[in-house]
Amino acid sequence: MDADTLLAFVRFHAWANDRILATAADLSDEEFRRTATLDHGTAFQTFRHLVDVDWSWREFCTGNDVGETYAWDQGFVLEDLATVHAFCLQEDERLRTYVASLDDAALSESMALAEGPDDAVPRWLIVAHIVNHGTQHRSELARYLTECGHSPGELDLLDAPRLPWPGDRGDAAGR
């Protein structure tokens with residue numbers, strides 16, 4: 001995969017993260033923290049999981065395998081929607097900058113996920129995994145937000161080439 005194509009996916013990921021987190025601001029604290037039919041129990045925990053996975057895989061790609069630790073174990077404060085959203089915006093920018101710095105050889109470089117010879121994948125696939133993982137959790141969060149009366153609207157990948165990068169425009173979520 002070439003860098004421009006991968007950056008289109010990363011742009012979509014950043015835009016969709018920003019949009020769904022901005023929509024979550026319409027939830028009451030009770031709705032944000034109550035147990036629901038979400039993979040991680042609550043909207044809060046699902047958002048924390050989403051941004052932690054983004055952070056940990058990007059760290060892995062840069063040669064800093066954080067192992068079984070979480071972003072909050074490394075001093076990042078992720079205790080409410082505002083801090084999760086701020087961290088997400090920063091992490092999406094770090095991922096954007098990182099991917100933009102890679103040439104085709106670096107994108108194709110094999111990265112060992114474990115000790116076995118069959119446990120290596122190209123770097124671009126790990127970045128694609130970050131985006132795909134985010135799509136999974138944004139989908140369940142979008143359903144939950146809609147059930148609470150706060151639909152985030154369409155989150156279409158086909159718009160990726162035209163989507164603004166969070167922070168590159170005047171409004172908070174492009175809604």
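Keep in mind that what you see is a predicted model, and the values were worked out from it rather than measured.
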Would you indicate whether the side-chain heavy atoms of [Y] and [X] approach each other to under 4.5 Å?
X	Y	answer
F76	V51	no
R11	D159	no
W165	V10	yes
W55	F87	yes
T146	P152	yes
Y98	T62	yes
L141	T23	no
R143	T37	yes

- [ ] Identify the two heavy atoms, one from A24 and one from L145, that lie closest to each other, and give their separation to 0.1 Å.
- [x]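 In terms of heavy atoms, the two residues are closest at CA-CD2, 3.8 Å.
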
Open item on the list: Could you report the tightest heavy-atom contact between G41 and T46, atom names first, then the distance?
Closed with: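 Looks like N-OG1, 4.4 Å.
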
Return yes if some donor-acceptor pair links the side-chain N/O of [X] with the main-chain N/O of [Y] below 3.5 Å, else return no.
X	Y	result
D52	A71	yes
R123	E109	no
E140	D39	yes
D156	L158	no
S139	T135	yes

Mind checking what makes ring pair (Phe, Tyr, Trp, His ring centres under 6.0 Å) contact with [X], not counting sequence neighbours?
X	value
F9	none
F44	F32
H150	none

Value rounded to 0.5 Å, distance of [atom1] in [X] from [atom2] in [Y]:
X	Y	atom1	atom2	result
D54	E59	CG	CD	12.0 Å
L107	L125	CG	CG	11.5 Å
C61	L102	SG	CG	8.0 Å
L155	R19	CG	CZ	6.0 Å
L27	L81	CG	CG	8.0 Å
L50	E91	CG	CD	11.0 Å

- [ ] Report yes or no: is the cationic atom of R138 (NZ for Lys, CZ for Arg) under 6.0 Å from the centre of the six-membered ring of Y144, at an angle within 45° of the ring normal?
- [x]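 No, R138 and Y144 do not form such a contact.
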
TODO: For the pair W15 and F12, name the ring-plane relationship: parallel under 30°, tilted 30 to 60°, perpendicular over 60°.
DONE: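 Ring orientation of W15 relative to F12: tilted.
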
Open item on the list: Regarding R96 and D92, does a basic nitrogen lie under 4.0 Å from an acidic carboxylate oxygen?
Closed with: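 Not counted as a salt bridge, because no side-chain N and carboxylate O are separated by less than 4.0 Å.
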
Task: N-O pairing of R48 and E79 below 4.0 Å - done: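 Salt bridge: yes.
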
Open item on the list: Does either side chain, that of H133 or that of H49, offer a donor lying less than 3.5 Å from an acceptor on the other one?
Closed with: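 Looking only at side-chain atoms, H49 and H133 do form a donor-acceptor pair, the distance falling under 3.5 Å.
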
Task: Distance-only donor-acceptor check, side chains H85 and N17, under 3.5 Å - done: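 No, because no side-chain N or O of H85 sits under 3.5 Å from a partner of the opposite role on N17.
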
